[in-house]
Amino acid sequence: MRQNTAASHPSFLMTNTPPPSSGAAPTDATTSHPGALAALAAAEVPATHPDRWAGELAALNTRLRDGETIFGWLEIDLSPALRFVPGLIVLTDRRLLARGADDTGPTNADGWSEWPLTADLSLVRHDHAGVGALTLYGASGMLTRWRYTLVCDLAAGRLIEQFDRRRTALASGRQPAPQEQSLCPLCDTVLQPGQDECPNCNREIHAPPSTWTLFRLWRFAHPYRGRLLMGFLLMLASTAATLVPPYLTMPLMDEVLIPFQNGAPIDTHKVYLLLGGLFAAALVAWSLGWAKTYILALVSERIGADLRTTTYQHLQTLSLEYFGGKRTGDLITRIGSESDRICVFLSLHLLDFATDVLMIAMTAAILISINPWLALVTLAPLPFIAWLIHVVRDKLRYGFEQIDRVWAEVTSVLADTIPGIRVVKAFAQEKREVERFRDANARNLAVNDRVNKIWSLFTPTVTLMTEIGLLIVWAFGIWQVSQNSITVGVLSAFLAYIGRFYTRLDSMSRIVSVTQKAAAGAKRIFDVLDHVSSVPETTNPVPLPQPFAGNISVRKVGFRYGNRTVLRDVDLDIHAGEMIGLVGHSGSGKSTLVNLICRFYDVSEGSIRIDGVDLRSLSVADYRRNIGLVLQEPFLFFGTIADNIAYGKPDASRAEIIAAARAAHAHEFILRLPHGYDSLVGERGQALSGGERQRISIARALLINPRILILDEATSSVDTETELEIQGALENLIRGRTTIAIAHRLSTLRRADRLVVLDRGRIVEEGPHDDLIAREGAYFRLYEAQTKQLEEQIAEAGWTITTERTPAAPR
Amino acid sequence: MSHLPSDIPFNLHRDALGQLVFTDRDGNQHAGVVPVRAFPITAPGASVSIVSVDGGELAWIEDPQTLDDSLRALIDEELASREFIPEIRRVKSVSSFATPSTWTLETDRGETCLVLRSEDDIRRLTPPALLIADAHGIHFLIRDRTALDAHSRKLLDRFL
Ligand SMILES: Nc1ncnc2c1ncn2[C@@H]1O[C@H](COP(=O)(O)OP(=O)(O)O)[C@@H](O)[C@H]1O
Ligand SMILES: [Mg+2]
C-alpha cells in the first residue's frame, strides 16, 4: 500500500485515496471519482506546508475514511483570548477541523474539534487593529471564532474561498473548478503571464544588511578602479620613500659619527652622499605623496557624489508609504551629511589609514631584517594596542549610531516646526517648541557625553602605550649595545623608525572612531538604498495598451494602512471617457481608492486593471504619465509659474503653457502678476491664494493631456465664487477623459455620469444622481443633509429663498 | 451625552451570532456594537465608549467601575477579544542590531517574534513608554523601558 509515504510531504495528502482496484462503491456525489477528487484537492491545498503541524496533519490524514480528502488548511497564531498560541484549521470535503489555539466546540477522540460541512454553515472574516477574526456561523448562530494576526489574513481569505467551494460541491454534487493557476500561491495576487515571482510577496526582505556595510561602498568605487589602483601604487612608492631616511641614519651613525668620536677623520664624501640621499628621499616622498593624495581625493569625491545621487534617485522610486513613515529632517540628513561624512572618511581617514598600515608593514619588515630580536621587542606592544582598538570599536560604533539618530531627531524638530510656524505662533507655543528642541538637544548631549567618556580615555591610553614601548626599546637596546650585539647605529635607526611607527599607531587608533562614524552613516544610507519600494516596478513590464483608452476595473480590492483596513471588497468599473463622482463621508476611503488607482500604494487584496492589464505589471512611470492629478492642497515648486505649469512636460512650448493656463482660467490672473508667467512662486516666491494655486495645478494637469483625470477635492478649499470659476476650468479638463472626481460639495459633481457612494471602505451605492435620489439610500441622506445645512446657513444669514423669482425691490 | 449615572439607562447582551446588542432607554436595539477605550494605552481603566456598527457613539462611560457587574463583564470580555497590544516583558534575543531585525520576545500574551523594519517603527510615547510597530502591523507596547531587565534594556538600547 502507499500508506507509509508520509515522509515526503505533499504525498501524505493523497495517501488516503483508495486504490482503484479496491472497488469501493462511491457513496455520494462528492466522492464519485476518488482519484479526481485527490487531484482536485492537490490543486487546492496551499503551497506552504505547516511544518509545525506536519505530524498532526499526517496523523489526521491516515484516520480519514471513505475517501475523505483534505482540501486546505490555515495556520493561526492567536488563541481566543488573544494569546500567542499556534493553531491549525483543516478543511476536508466533509468537515472543518481545528486544534491548538481553539478548544471550544466538540472535541473528538484525536483532539480535533470538528464541524461537519452543511449547507447552512458560513465562514466570515473581519479584522480590527491588527487582529483578524474568522467566525463560523451555523443556522442557529455563531459556532466558533478563531483569531489570528494579519500575517495569516490572506491565507484565511483563501480558506474561506475553499470552504465556499466545498459547500457548493456538497450542495450541488458538482465540483467547482479550483482557483486559476495564475494566482500567487501565497497571497492570491494575479500573476501576469511570464511573471513567476509575485511582486506582493517578494517585497519584504527581513534579512538584516551585512555588518560590513562599508565594503558595500565598493559598488560605487568600482567605476574608478583604474585610478584607485594607480593611487594605491603611488601610495606604496611614497611610503617606501619615507622609510629611506631612518635607514640612512644607520651608516651615518656607525660609519661617520662613531668613528669620528673614536678619533677617525670625517669622510666628507660619504657625508655628502648620505645627506644627498636623505634630501632625495624627502623630495621623492613629497612628490609621490602629493600625487597619491590628489588622485585618491579626486576619486573619493566622485564616489561620494555618486552615492548621493544614487540615494536620491532611489528615494524617488520609493512609495508614498515610505515617505509617510519617515521624517523629512531625517531623510535630509541621510542624503546630505551622511554621504559627506563618508566622502571625508574615504578621502582623508581611509587614505591615511592605508598609508599607516603600509608603513607599519614595511617598517616591521625592515626592522626584522636589521635585527630580529630587537624587532620583536619593538613590535611587542602592537597586539595589545590592536586588542584595545578592537574593544573600543564596538562601544563606539553603537555610540555613534546613537548620536546619528539623536541628531536626526534634532533636525526633525526643526523640520516639524519651521513649516508649521504659523500654528506655533497662533497658539503661542514658542516656549514649548523651544523646550522640545532643548530636550532633543539634551539627549544629543547625553549620548555624546557617554561616547566621549570612552573616547577620551582611549587616546591617552594609546599615547601611554607608545611611551612605554619606547622605554622598552631604549632599555633593551642599551643592554644589547652593552653586550656588543648591536651597534649604536642600529639602535638609533630603531628609535628613528619606531618614533614614526608609534605616532602612526596613535593616529591609526583614530581610524576606529571615524570608521565607525562612516559605517554608521553608510548603514543609514544603505537602509534607504536597500528599501524595496512597496510598489515595485515589475522586471518585465507589459507595454501600455495602444491606443490607451483609460478603462479602469477595480476587482475585489481590499486595502490596509498598516493594520487599519480602509477598503474592503471594492468592485468598480469605469469606462473610458466616463466621469465618476466619488462621494462619501470624510474618512470613507475615497482618497485611498484614488491612491490605489494611481498606484501610490499597492492593493492588499484583489486587483486593479487598466485597459485589461493588471496595474502591477505596467511600468509605473509610463502609466502615471497618463494620469492628471489635482489635489486639494496644490503644491507649487519653487520656480516660475511657467515652470510649474510645465512640470509634467518640461519641453512644453510657451504657446502650450498659455493654452493650458487659459483653459484652466488662470491666464488672466497670471497676467496681473508683476512678472506674468515669469513670476516666482512656491516657497520664498510670490504668495498666491488657494484658488489661484489650484488653477495653476489644473493647468499643470491639463498640459500633459492625460487619459485619466483624478480630482481629489480639487475645489474644497476655496470659496464658492472661486469654485465656480474653477468649475469652468475643470469642464475643459474633463472633456473626453476618464475622470474620477471626489468632491465634498455634491453640487460639484452634477456633470458626473455616475456617482459611487463609499461608506467605511465599501461601495454602498452606484448610479446617476436622479436614480440615487429616487432610491432614498445613503446618497439621498448625504444630499439631504447638505441641502438642509445650506438652507440653515442661508436662514441664519437672514436670507430668504423662494422658488419664484422675487420681484425687484422698489427703489 | 456626557456622564452617565451608575444606573445606566442602557442594556447590553450577547446574541446567538456572538454580537453585542445594545438597547437604549427607548428600547431601540443596535446589534454588533463595540466597546472602545478612549485611551487604551495611557488610561486603559477609564473612559469606554459604546460605538455602533456605523461608527456612531451610543453611550459614553466615564468610569466603567460604576457599571453593573454583568454589564462590565460583557464589556471587558468584548474588549479582551478586540484589544491587542501585547506588552513586552522581556526581549530574549534579536537577530541583528541592523534593521530589519527579528526579535524574540516574551509578552504578556505569550512568546512571539516581531520583525522590526526600521528604528523609526519604535515610537516614543510619553516617557518611559515605547510603542513598537512590527512589520505585520501589530503594535507592541513597552510600558516602562527602565523597568525591563538588564539584558532586554541593553538589546533595546541599541535601537534607540
Ligand atoms: N497614510 C495613511 N496612513 C494611515 N491611515 C490613513 C492614511 N491615509 C488615510 N488613512 C485613513 O484611511 C481612512 C480613509 O482615508 P481617506 O481615503 O483619505 O478618506 P477620504 O478621502 O474618503 O476622506 C481614514 O480613516 C484615514 O484616517
Ligand atoms: Mg480625501
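Below, each value reflects all heavy atoms present in this structure, side chains not excepted, and no hydrogens, waters or symmetry copies. Chain A is the first sequence line, chain B the second, and so forth, proteins listed ahead of strands; every chain is numbered from 1.
Within the 3.5 Å criterion, the main-chain N or O of A:L78 finds no donor-acceptor partner in the side chain of B:R109. For the pair A:R83 (side chain) and B:D108 (backbone), a donor-acceptor distance under 3.5 Å is present.
For B:S70, the side chain to side chain contact (heavy atoms under 4.5 Å, CB included) partners at least two apart in sequence or on another chain are B:D68. The ring-ring contact (aromatic ring centres under 6.0 Å, His included) check on B:W103 picks up B:F159, with sequence neighbours excluded. In this view, A:F437 satisfies the ring-ring contact (aromatic ring centres under 6.0 Å, His included) rule with no residue, not counting sequence neighbours.
Heavy-atom distances place no part of B:Q19 under 4.5 Å from chain A, backbone and side chain included. At a 4.5 Å heavy-atom cutoff, the contact between B:D157 and chain A is made by backbone and side-chain atoms alike.
Here the closest non-hydrogen pair linking B:L17 and A:R145 is O-NH2, 4.2 Å. A pairwise comparison of heavy atoms in A:V131 and B:F84 identifies CG2-CB, 3.1 Å as the closest pair.
For the atom pair CG of B:L105 and CZ of A:F84, the computed distance is 8.0 Å after rounding to the nearest 0.5 Å.
Within 6.0 Å of the NE2 atom in A:H585, the count of heavy atoms belonging to other residues, nucleotides or ligands does not exceed 12. Around the CZ atom of A:R432, the shell of radius 6.0 Å holds no more than 12 heavy atoms that belong to other residues, nucleotides or ligands.
When the candidates A:T149, A:D759, A:L150, A:V447 are compared by the number of heavy-atom contacts under 4.5 Å with chain B, A:T149 comes out ahead.
Heavy-atom proximity under 4.5 angstrom to chain A picks out B:F140 from residues 140-151 of chain B.
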